[in-house]
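Order of the sequence lines sets the chain letters (A, B, ...), proteins ahead of strands, with each chain counted from 1.
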Amino acid sequence: MFERQLDKATTSVRKGFKRLGLPASDEIAWVPTPFSGQWGFGTAACFQVAAAEARSGKKVKVPARAEEIAGLLQGEIGVPEGFERVEAAGGYLNLYVEAAVYAGTVVDTVLGQGPDFGRGEEKAERLMVEYAQPNTHHSFHIGHARNAILGESLARIVEFAGFDTIRASYPGDHGLGVIKCMWAYKRFFEGQEPEGLHERGQWLLTIYAEANALLGLDEDVEDDELQSSGPSEYEAEVREMYRKWDEGDSEVRELWKKTRQWSLDELEDILKMLDIEIDVFFYESEVNEPAKAIAEELIQLGIAEDERPQGGPVIIKIDEKLGLKSEKYRTAVLLRSDGTTLYLAKDLALAKAKFENYQVDRSVYVVDVRQSFHFVQAFKILELWGFPQAAKCYHLAYGFVTLPEGAMSARRGNVILYKDVVDETFKRVVEIIEEKNPDLSPEQRDEAARQVSMGALAYTMLAVDNRKDTIYNWDRALDFEGQAAPYIQYAHVRANSILRRAGVLPKPLAIEHGLAPAEIQLLDRLSRFPLEAQRAADEYKPLLIANYAYDLARDFTEFYQHCPVLKAEGAVRDTRLRLTAAAKQVLATSLRLLSIKAPEVM
RNA sequence: GCCCCUGUAGCUCAAUGGAUAGAGCGCCGGACUUCUAAUCCGACGGUUGUGCGUUCGAAUCGCGCCAGGGGCGCCA
């Protein structure tokens, strides 16, 4: 918000250095001062100048010299336009904002732009976020929820920053895991499916676990391998079913369509609960044939090597193609020796479709951290293949969600289903609301409980660096105090309550009362939102918004605690009402970017 | 064997190469005749895994080591 003033100050500082006969450093950067209750920006430029002197042979102690230069500079430039005070402190040059003047500007800007405050200018690039790609024939667990919530928040953030954004999902409706589940269903469970969308979807997960048990798979075998120690006819039946699916056998395809739809129906409902609207569904099964063609194309281009004549698979020796001596990207396998596709080949086909059919410039994949190496290989192959977009492909890796007793395993049926967590959390929140705010109607109560429980779940997923693993813990998930979504939502509700009681919002007015530290702190925070939103998009980091929203809620709560609004009089009251409205707006916007609802009451 | 990620307060986590490393939880002590106490105020709590290095300045960058997790041609 202060770019223009800071640009002028930069010019002024450069001139000051020049008049002092000192070489200005290349870049003069301004960062918010760390002192709360004041509102300003500081630069470490004097350190750089002093350090340059030291390097050129002058005998100076850098910190002392920086302090000296800052003092001289302060005298030289005076108070730059738009600021009320200049200060040399500890080698830094600090400029303090004319709080009373800019308080009005900040508040008027926020209220004038409303939900668009902080929105970035439209960018020429199209960005696709791929997330919410659960496998069918499983059920949606809390690990999938982390993925979906992270992806949706990222999509909202980049969209807000001005990217032409497409939301894509890539359900895994193809592969051994799917076939195993279909096989067990066909052989042992056909016709026993329960009533109810979620019940039926979850039932597939138990069948899947049962299939693995029947096949006698070891505990430590990965979910979708098939090296069974169970009855050999079972394994043969599964392989036969896989082959028939691949050939397009009508009976197997019918069975597949039916069971697949059960999963997709459940997914649709869960995405609706999460307020996610996917623009494009790519199904893994649909890229199966293109993937085979791509393998052939890559062989023709001399990128891939076909070892099938020798009984081997189709591979790409990436290091060799890059002329690397040491192993880094290693060798990737595209097709099995029997010609069926693997994950990588399908992902290459998917990337090609994104680039060519959807003209995507940037492609972000929200996929768990275990697939990091897969994406390193995939992006490198896209580069070898000649796609310039390869440089703007980004794997947003997130750590997995484990249980206190260890990893979840779909194969063992040992998972915490998202639906169960939602139901349990909702019940708990209803109890809390009945206790804290018994005057709400049942409709209001349930609506608030939905918003608060969904928000609490989302926030715990977003307020941790995506790279870190998290342990799912019921106690913590059901703790709604402190740094959690309900705290932020509560601040929004408080602001709303004040505004509701006040009735009409006062017109813009000049601010004349001496601002309290809590007011300045809140204004400072509000003014930083546009830059913070932009940075979250640049770095693909919803965490930054999660932190910002909490900090803003805390600043507002402190303001609320220390500065009476409705009981203040005249211009002070009007100013504080407008400040409250601005805080409510930015709280709502930052919650929206996190895909968390901002309740009016709770 | 090689590659990637992580290591910060008792616990869970933050922190643009910048000023005194911050929150929440827990513990201890306070504040509801007040715009809803899902709140606030205060106390306690740190050799940022470890050793070198780069820098005016390092939790942040580089190298080594330690610990944990993940990955490495026919699972996804």
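In this structure, the CG atom of L587(A) is 15 Å from the P atom of rU39(B), given to the nearest Å. In this structure, F480(A) atom CZ and rC25(B) atom P are separated by 14 Å, rounded to whole Å. For the pair K180(A) NZ and rA76(B) C1', the computed distance is 11 Å after rounding to whole Å. Rounded to whole Å, atom P of rC13(B) lies 13 Å from atom CG of N466(A). One can place OH of Y398(A) at 17 Å from C1' of rC4(B), the figure rounded to the nearest angstrom. When the C1' atom of rC75(B) is taken as reference, atom NE2 of H138(A) falls 11 Å away, rounded to whole Å. Between the CZ atom of F375(A) and the C1' atom of rG70(B) there is a distance of 15 Å, given to the nearest Å.
The salt bridge (Lys or Arg N to Asp or Glu O under 4.0 Å) test applied to E296(A) returns R308(A), not counting sequence neighbours. Partners of K380(A) according to the salt bridge (Lys or Arg N to Asp or Glu O under 4.0 Å) rule, which considers only residues two or more places apart in sequence or in another chain, are E383(A). A search for ring-ring contact (aromatic ring centres under 6.0 Å, His included) contacts involving Y550(A) returns Y487(A), not counting sequence neighbours. Not counting sequence neighbours, S372(A) has no partner by the side chain to side chain donor-acceptor pair (under 3.5 Å) test. With sequence neighbours excluded, the residues that form a salt bridge (Lys or Arg N to Asp or Glu O under 4.0 Å) with E53(A) are R65(A). R535(A) is linked by a salt bridge (Lys or Arg N to Asp or Glu O under 4.0 Å) to E532(A), E539(A), counting only residues two or more places apart in sequence or in another chain. Every residue was checked against the ring-ring contact (aromatic ring centres under 6.0 Å, His included) condition with Y242(A), not counting sequence neighbours, and none meets it. Listed by chain and residue number, L440(A), Q444(A), R500(A) satisfy the side-chain contact (heavy atoms from CB on, under 4.5 Å) test with V601(A) (two or more places apart in sequence, or in another chain).
In summary, the aromatic rings of F41(A) and W39(A) are positioned with their centroids too far apart to meet the 6.0 Å limit. The aromatic ring centres of Y398(A) and Y131(A) sit 6.0 Å or more apart. Taking the ring centroids of Y92(A) and F47(A), they lie under the 6.0 Å cut-off.
Using C1' as the reference atom, rG10(B) and rC28(B) are 15 Å apart when rounded to the nearest Å. The same atom, C1', is picked in rU50(B) and in rA19(B); the two are 27 Å apart, to the nearest Å. Comparing the P positions of rG22(B) and rC4(B) gives an interatomic distance of 33 Å, to the nearest angstrom. One P atom belongs to rC32(B), the other to rA38(B), and the distance between them is 15 Å to the nearest Å. Separating the C1' atom of rU39(B) from that of rU54(B) is a span of 47 Å, rounded to the nearest Å. When the P atom is used for both rG53(B) and rA67(B), the distance is 24 Å, rounded to whole Å. Across rU60(B) and rU55(B), the matching P atoms stand 16 Å from one another, rounded to whole Å. The separation of rG17(B) from rC3(B), taken at their C1' atoms, amounts to 27 Å, rounded to a whole angstrom.
Taking syn as a glycosidic angle within 90° of 0, rG68(B) does not qualify and is anti.
Taking the side chain of D469(A) as heavy atoms from C-beta on, and the options rU12(B), rG69(B), rC41(B), the nearest nucleotide is rG69(B). Across rU6(B), rC74(B), rA76(B), the shortest atom-to-atom separation from the side chain of P313(A) is found for rC74(B).
The shortest distance between the side-chain N/O atoms of Y242(A) and the OP1/OP2 oxygens of rC75(B) is not below 4.0 Å. Within the 4.0 Å cut-off from OP1 or OP2 of rA14(B), at least one side-chain nitrogen or oxygen of K468(A) is found. Taking side-chain N and O atoms only, R336(A) has a distance below 4.0 Å to OP1 or OP2 of rA76(B).
Counting any heavy atom pair closer than 4.0 Å across all strands shown, T580(A) reaches no nucleic acid atom. Looking at heavy-atom distances under 4.0 Å, E284(A) makes contact with sugar-phosphate atoms alone, never a base. Backbone-only contact: T557(A) has heavy atoms under 4.0 Å from sugar-phosphate atoms and none from a base. Nucleic acid contact class of A491(A) (heavy atoms, under 4.0 Å, all strands): none.
Annotation: cation-pi geometry not satisfied between R528(A) and Y548(A) (NZ/CZ under 6.0 angstrom from ring centroid, within 45° of ring axis).
Listed for the E235(A) side chain is no donor-acceptor partner under 3.5 Å among the backbone atoms of L215(A).
Not a single donor-acceptor pair, N or O on each side, falls under 3.5 Å between the base of rA76(B) and the side chain of D347(A). A donor and an acceptor atom sit less than 3.5 Å apart, one in the side chain of R330(A) and one in the base of rC2(B).
Projected onto RNA chain B by closest heavy-atom contact, T331(A) and E87(A) fall at different nucleotides, the more 5' of which corresponds to E87(A).
Aromatic ring pairs are classed by plane angle as parallel below 30°, tilted from 30° to 60° and perpendicular above 60°; the pair W245(A) and W256(A) is perpendicular. Between F375(A) and F379(A), the ring planes are tilted. Angles from 30° to 60° get that label.
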Polar pairs (N or O, both sides) under 3.5 Å between protein and nucleotides 31-36 of chain B?
from: rU34(B); atom 1: O3'; to: K567(A); atom 2: NZ; distance (Å): 3.1
from: rC35(B); atom 1: OP1; to: K567(A); atom 2: NZ; distance (Å): 3.3
from: rC35(B); atom 1: O2; to: L566(A); atom 2: N; distance (Å): 3.2
from: rC35(B); atom 1: N3; to: V565(A); atom 2: N; distance (Å): 3.0
from: rC35(B); atom 1: N4; to: Y560(A); atom 2: O; distance (Å): 2.5
from: rC35(B); atom 1: N4; to: C563(A); atom 2: O; distance (Å): 2.8
from: rU36(B); atom 1: OP1; to: S497(A); atom 2: OG; distance (Å): 2.6
from: rU36(B); atom 1: OP2; to: R501(A); atom 2: NH2; distance (Å): 2.9
from: rU36(B); atom 1: O2'; to: Y490(A); atom 2: OH; distance (Å): 2.5
from: rU36(B); atom 1: N1; to: R494(A); atom 2: NH2; distance (Å): 3.4
from: rU36(B); atom 1: N3; to: N437(A); atom 2: ND2; distance (Å): 3.3
from: rU36(B); atom 1: N3; to: M602(A); atom 2: O; distance (Å): 3.2
from: rU36(B); atom 1: O4; to: N437(A); atom 2: ND2; distance (Å): 3.2
from: rU36(B); atom 1: O4; to: M602(A); atom 2: O; distance (Å): 2.8

Pull out every protein N or O sitting under 3.5 Å from an N or O of nucleotides 21-23 of chain B, one pair per line with the distance.
from: rA23(B); atom 1: O2'; to: Y550(A); atom 2: OH; distance (Å): 3.1

Could you pull out the protein-nucleic contacts involving nucleotides 15-18 of chain B (nitrogen or oxygen on both sides, under 3.5 Å)?
from: rU16(B); atom 1: OP1; to: R535(A); atom 2: NH2; distance (Å): 3.3
from: rG18(B); atom 1: O2'; to: Y92(A); atom 2: OH; distance (Å): 3.3
from: rG18(B); atom 1: O6; to: Q48(A); atom 2: NE2; distance (Å): 3.4
from: rG18(B); atom 1: N3; to: Y92(A); atom 2: OH; distance (Å): 3.4

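Taking a pair as Watson-Crick or G-U with both hydrogen-bonding distances under 3.5 Å, the stems of three or more pairs touching RNA chain B are B:1-7 with B:66-72, B:10-13 with B:22-25, B:28-31 with B:39-42, B:49-53 with B:61-65.
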Derivation and outcome, salt bridge (Lys or Arg N to Asp or Glu O under 4.0 Å), residues R239(A) and D338(A): CA-CA 12 Å; R239(A) 289 203 187 279; D338(A) 67 2; over 6 Å; no

